[in-house]
Each structure stands twice: as C-alpha cells, then as structure tokens.
Peer 1: 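This is the structure I want to talk about, given as structure tokens.
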Protein chains: 2
Amino acid sequence: MSATVPIADALKVSCSSCNLRELCLPVGLSHDDLARLDELKLVRKAVPRGGELFRCGDRFESLYAVRTGFFKTCLGSEDGRDQVTGFQMAGELLGLDGIGTGVHGVDAVALEDSQVCVISYREIGELGQQFPQLQQQLHRILSREIVRDHGVMLLLGSMRAEERLAAFLLNLAQRLKARGFSSTALVLRMTREEIGSYLGLKLETVSRTFSKFQEEGLLAVKQRDIRILDEAGLQRLVNGAGC
Amino acid sequence: MSATVPIADALKVSCSSCNLRELCLPVGLSHDDLARLDELKLVRKAVPRGGELFRCGDRFESLYAVRTGFFKTCLGSEDGRDQVTGFQMAGELLGLDGIGTGVHGVDAVALEDSQVCVISYREIGELGQQFPQLQQQLHRILSREIVRDHGVMLLLGSMRAEERLAAFLLNLAQRLKARGFSSTALVLRMTREEIGSYLGLKLETVSRTFSKFQEEGLLAVKQRDIRILDEAGLQRLVNGAGC
DNA sequence: CGGGGATTTGAGCGCATTCAAACGCAGTGG
DNA sequence: CCACTGCGTTTGAATGCGCTCAAATCCCCG
C-alpha cells in the first residue's frame with residue numbers, strides 16, 4: 001500500500017503558526033525572519049500507521065518535520081540484515097542523511113498515524129541565502145544528529161543490555177518531557193523487536209530486561225505502557241555501571 | 001584583504017593549491033569560486049603524535065581538515081567508559097559535532113605526527129553566503145558523516161567480531177585507495193585496543209580475529225603491518241554473514 | 001469468539017569476555 | 001653490547017551474557 005495522499009491546498013501550514021516551532025527547524029529565528037519564512041509554503045502530508053514516508057534508495061528532495069505521530073528509520077544492508085537507526089517524534093527532522101548523496105539511505109516508517117511537514121531542500125537552500133540564521137540552524141541540526149549518533153555508538157559499543165535499555169527509556173522520557181508530556185508514564189509506539197534492533201539486542205533480551213526492571217521496582221510494565229518508578233535508579237544503571 | 005594576525009606566511013595555505021582539494025571541503029566548487037575562496041586564509045597547524053587537537057568540552061570555533069597524518073576521535077562518558085568514534089585521515093574533517101552545541105563533543109588525538117588546516121567556522125558561515133556551493137558542500141559533508149555513523153551503528157548493532165573487523169579493514173583500505181595508497185598493504189596507526197574500542201570489542205578479541213584471518217589466508221599480519229591477501233573473502237564475510 | 005501477532009518465560013548453547021601468562025619490540029642506561 | 005623496562009600483542013582457559021530454539025500466554029482486532 002502507498003502512504004501517499006493527494007495534497008490539497010488546505011493542508012498548507014506555516015512555521016510561524018506552528019506550535020512546534022520551538023522544537024523544529026525554525027529554532028533561533030527572529031520573529032521577523034519567521035514571518036518572512038512563511039514564503040516557504042510547507043505542505044502537510046499524512047502517513048498512516050505502517051506507511052512509508054520514504055524508502056532507502058528513493059531520490060532525496062525534501063526534509064520532513066514530524067508534526068504529529070511517531071516514526072522509525074531503518075537501515076537495510078544488502079543481505080537480509082536491517083537495523084532501526086532512530087525513532088522520531090514531533091518536531092524532529094527526517095531525511096537528513098539524504099543530503100549527502102541525493103538518495104535516502106534509510107526507510108522512514110510511521111509507527112502510528114502521523115503528519116509531517118514537507119520541506120523542499122532546494123527551497124531551504126535558496127532561503128538559506130536570505131536567512132543566514134536558517135542556514136546556521138540547519139548546520140546545528142545536522143551536527144546534533146551526529147552527536148546523537150555518537151551517543152548511540154557509545155551505547156552499542158560499550159553498554160550491556162540493562163544499561164542500553166535504561167539509557168533508551170531515559171532518552172525517550174526526556175524527549176517526551178520536552179514536548180510537555182509526562183516523563184514517567186510512556187506508551188511505547190514500537191515493538192520489542194524494534195527496540196531490540198535499535199539497541200543491538202534480540203527481542204527476548206529486551207523483554208527479559210523489562211521484566212527484570214519491574215522485579216527490581218524500577219518500572220511498572222504492562223505491555224507497551226511503561227511507568228518509570230525510579231528514574232534515579234535507571235540513571236545509576238547508565239552512569240555507574242563502569243564503577 | 002583584512003587585517004591579519006601576524007602569522008608566518010609559510011604556514012598559510014590555500015585550498016586552490018592543495019592536492020587534497022578533491023577529498024576535502026572544496027569538493028564541487030568551480031575553479032573561479034575556488035580561487036576566490038582563498039580569501040579564507042587557512043592556517044596550518046602541526047599536532048605531534050599523541051597530541052590533542054581539541055578536547056571534549058573545549059569551545060568550538062573551527063573545523064579542522066587533516067592535511068597529513070592520522071587522528072582518532074574519542075567520546076568519553078561521565079564514568080570512565082570511553083569509546084573511539086572514528087579515525088580520520090588526509091582530507092577528512094574534524095570537529096563537525098561541535099557545530100550544534102558550540103562545544104566539542106569528543107577528543108581529537110593525533111595517532112602520528114600530523115598537520116591540519118584550521119577553518120574558522122565563523123568565516124565559513126560568512127563565505128557560505130557568497131558561495132552557495134560551499135554551503136551546500138558543508139551540508140553534504142555533515143550529512144555524509146551521519147550516513148557513516150549509521151554504518152557504524154549497523155556494524156555495532158548486528159555484526160559479529162569477524163564481520164566487524166573485516167568491514168573495518170575494507171573501509172580503511174578503500175579510503176587509502178582513494179588517496180592513492182596501496183589498498184592491500186596497510187600500516188595500522190592505531191593499537192588493538194583502539195580498534196577494539198571503535199568496533200565494540202575487547203583488544204584480545206581483535207588480536208584473536210587477526211590471527212584467525214591469517215590462518216584462513218585472508219591476511220598477512222605482522223604487528224601493525226597488514227597485507228590483505230583475499231579482499232573478496234573479507235567482503236564475503238561482511239555481506240554474506242546473514243545467509 | 002476466534003485468529004494471529006506480540007510478548008513473556010524457560011532451557012541450553014556459543015561467542016566474546018575476563019583473567020592470566022608469555023612473548024616481541026623499542027627505548028634507555030649501565 | 002647486553003640487561004632492563006614498559007608497552008603492545010599474542011595466546012590459553014574458564015566464565016558469563018545474550019542468543020537460539022521452543023512453548024505458553026496475552027491482547028488487539030476483525
């Protein structure tokens with residue numbers, strides 16, 4: 001099935017009126033710039049649960065900002081092996097890895113019914129000439145993605161299963177908190193298998209580790225509903241494991 | 001021409017005369033643009049073996065392009081744990097992860113006596129306004145770094161020791177080849193421990209895997225001198241392992 | 001209410017790790 | 001010239017964490 005939806009003018013949105021602007025590309029722009037930035041007529045696009053926003057190998061033309069919903073990005077190698085490289089929630093950008101090659105390097109799949117803003121990369125380039133701040137901001141976002149990836153590399157390269165899951169949950173909670181949601185009660189949008197793929201673990205290990213955290217009183221786990229009971233305890237697992 | 005700090009002319013270098021320009025930031029610039037780009041008076045800086053170009057936490061002000069030599073970047077977490085996040089050779093950029101936060105997020109250490117070009121990020125921003133191509137190129141480089149990191153994440157998350165080392169060696173060989181060096185005879189600039197840190201393995205495992213590759217006729221290993229005897233065999237390890 | 005995917009839990013195994021010891025090599029000083 | 005030292009590397013043996021295989025259970029959704 002195709003995720004594409006016929007686009008109507010009614011779906012156009014502007015950054016200046018978006019309640020996600022503090023989390024999204026326009027961060028750091030002056031109010032004036034932001035108003036003028038609305039020349040960048042953003043098109044909204046809906047992606048149903050399970051739908052693909054783009055696929056590995058598709059030509060890169062746009063960045064996508066998540067307005068609502070939740071995505072995963074998957075890297076697939078030539079053989080069957082594939083891996084989740086990230087989860088994206090409201091305000092986060094998708095498609096950054098396509099800039100370098102002109103081709104998307106991952107699949108982007110909606111884990112729930114979602115909406116994104118389609119940001120033409122060509123237009124961004126042109127507007128960047130007028131708004132140095134915007135240019136700068138794109139640099140910053142790209143750079144932060146690199147920093148984020150380094151964090152994942154540290155996780156994958158030197159943490160044990162419990163530490164990985166603890167770090168994952170804390171990161172998720174922190175991002176939810178930044179969006180005004182509860183940072184202790186979270187509903188996981190992804191399966192155990194997808195968590196495992198992201199963390200370099202098998203789904204059984206993820207499940208077992210959830211159970212262990214529950215036994216230890218760190219979490220209350222009911223399928224995909226997670227309540228964090230001892231945030232400090234999780235943090236200790238991540239930091240203090242080397243001691 | 002602006003007032004300049006008294007820097008010995010001998011240390012000034014220009015991109016247009018650099019034999020690394022095809023591998024470095026100016027890739028894709030027209031000849032004219034390249035000539036004008038020399039306004040960006042690059043300063044060369046020497047870093048002795050073991051010296052730190054910058055440290056995690058240092059304020060970010062410049063990007064660095066490796067002219068000669070070899071670097072590693074290390075991510076250190078609050079506890080003792082630290083991890084090598086990458087190795088950089090001639091033509092590759094260092095410091096990209098500092099753009100987002102204004103602070104370097106890794107240590108950059110020279111693994112042999114090296115020279116770098118110091119590229120003021122402020123100047124890059126200004127020149128980017130005049131040379132859209134340069135701006136684009138920086139985007140591409142940042143994006144490619146993200147793609148590279150995704151590759152490492154795949155490696156760390158889903159490969160076994162042999163596959164990791166094979167992928168590492170092939171990547172190194174390919175980069176050396178692009179620089180005109182032999183792609184079959186390589187001298188490792190890093191220790192087994194640093195390789196292991198990068199690959200998420202212990203140094204003993206790295207050493208054992210080297211020995212195994214030698215027994216199998218894939219490599220000739222003499223300490224840090226490696227000769228690749230069966231490139232296709234290594235490639236098979238990386239790709240076909242899932243089958 | 002039934003079917004199918006997701007999750008949980010158990011048992012046994014294997015790969016990478018840990019701990020330990022020996023070796024090679026470069027640099028230093030007697 | 002050789003002994004000595006320090007560091008990196010190699011190799012061995014035993015351990016353990018996460019994986020594989022398997023079965024039972026839960027839950028969503030038609």
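Below, chains carry the letters A, B, ... as their sequence lines are ordered, and counting in each starts from 1.
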Peer 1: Which is more 5' along DNA chain C, the nucleotide nearest B/Lys222 or the one nearest A/Ser211? Just name the residue.
Peer 2: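 Between the two, 5'-proximity favours A/Ser211.
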Peer 1: Ignoring hydrogens and geometry, is there a side-chain-to-backbone donor-acceptor pair from A/Arg192 to A/Glu204 under 3.5 Å?
Peer 2: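 Between the backbone of A/Glu204 and the side chain of A/Arg192 there is no qualifying donor-acceptor contact (under 3.5 Å).
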Peer 1: When you measure from the side chain of A/Thr209 to the backbone N and O of A/Glu162, does any donor-acceptor pair fall under 3.5 Å?
Peer 2: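 Not at all, since once roles are kept as given, no pair shorter than 3.5 Å links the two residues.
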Peer 1: Just to confirm, is there a sub-4.0 Å distance from OP1 or OP2 of C/dT9 to any side-chain nitrogen or oxygen of A/Arg208?
Peer 2: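 Checking C/dT9 against A/Arg208, no side-chain N or O comes under 4.0 Å of OP1 or OP2.
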Peer 1: Can you measure A/Leu201 atom CG to C/dA16 atom C1' for me and round it to whole angstrom units?
Peer 2: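 Atom-to-atom, A/Leu201 to C/dA16, this comes out as 15 Å.
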Peer 1: Could you check whether B/Gln223 gets within reach of a base, just the sugar-phosphate, or nothing at all, counting any heavy atom under 4.0 Å?
Peer 2: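 B/Gln223: backbone/sugar contact only, no base atoms under 4.0 Å.
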Peer 1: Can you tell me how far P of C/dC15 sits from CD of B/Glu204, to the nearest Å?
Peer 2: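 Taking atom P of C/dC15 as the reference, CD of B/Glu204 is at 18 Å.
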Peer 1: Any side-chain to backbone donor/acceptor pair from A/Ser114 onto A/Glu112? Under 3.5 Å, distance only.
Peer 2: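 Side chain of A/Ser114 to backbone of A/Glu112, a donor-acceptor pair under 3.5 Å: yes, one is there.
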Peer 1: Roughly how many Å is it from CG in A/Leu203 to P in D/dT20, rounded to a whole number?
Peer 2: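 Taking atom P of D/dT20 as the reference, CG of A/Leu203 is at 10 Å.
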Peer 1: Could you state the NZ-C1' distance from A/Lys202 to C/dG10, rounded to the nearest angstrom?
Peer 2: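 One finds 19 Å between C1' of C/dG10 and NZ of A/Lys202, rounded.
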Peer 1: What's the CD-C1' distance between B/Glu162 and C/dA16, to the nearest Å?
Peer 2: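 It is 12 Å, rounded to the nearest whole Å.
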Peer 1: Give the rounded distance in Å between these two atoms: CG of A/Asp225 and P of D/dC26.
Peer 2: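 For the pair A/Asp225 CG and D/dC26 P, the rounded distance is 17 Å.
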Peer 1: Look only at the side chain of B/Asp97 and the backbone of B/Gly105, and say whether a donor-acceptor pair between them is shorter than 3.5 Å.
Peer 2: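 Yes, because the side chain of B/Asp97 sits within donor-acceptor range (under 3.5 Å) of the backbone of B/Gly105.
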Peer 1: Can you find a side chain N or O atom of B/Thr205 that sits less than 4.0 Å from OP1 or OP2 on C/dA16?
Peer 2: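 Checking B/Thr205 against C/dA16: no side-chain N or O falls below 4.0 Å of OP1 or OP2.
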Peer 1: So does B/Arg160 reach the base of C/dT17 with its side chain, donor to acceptor, closer than 3.5 Å?
Peer 2: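 Absent.
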Peer 1: Do you know which of A/Val238, A/Leu199, A/Leu219 makes side-chain contact (heavy atoms from CB on, under 4.5 Å) with A/Leu165?
Peer 2: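 When side-chain contact (heavy atoms from CB on, under 4.5 Å) is applied between A/Leu165 and each of A/Val238, A/Leu199, A/Leu219, only A/Leu199 qualifies.
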Peer 1: Given C/dA6, C/dT9, D/dG18, which nucleotide is nearest the side-chain atoms of A/Ser207?
Peer 2: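 Looking only at side-chain atoms, A/Ser207 lies closest to C/dT9.
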Peer 1: What is the distance, to the nearest angstrom, from the CD atom on A/Glu193 to the P atom on C/dT7?
Peer 2: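 It is 9 Å, rounded to the nearest whole Å.
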Peer 1: Can you check whether A/Arg224 has a side-chain N or O nearer than 4.0 Å to OP1 or OP2 of C/dT7?
Peer 2: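 Result: yes.
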Peer 1: Rounded off to whole Å, could you give me the CG-to-C1' distance for the B/Leu156 and D/dG18 pair?
Peer 2: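 Rounded to the whole Å, the gap is 16 Å.
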Peer 1: NA contact type, B/Gly196, heavy-atom cut-off 4.0 Å: base, sugar-phosphate, or nothing?
Peer 2: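 Nothing, no nucleic acid heavy atom in range.
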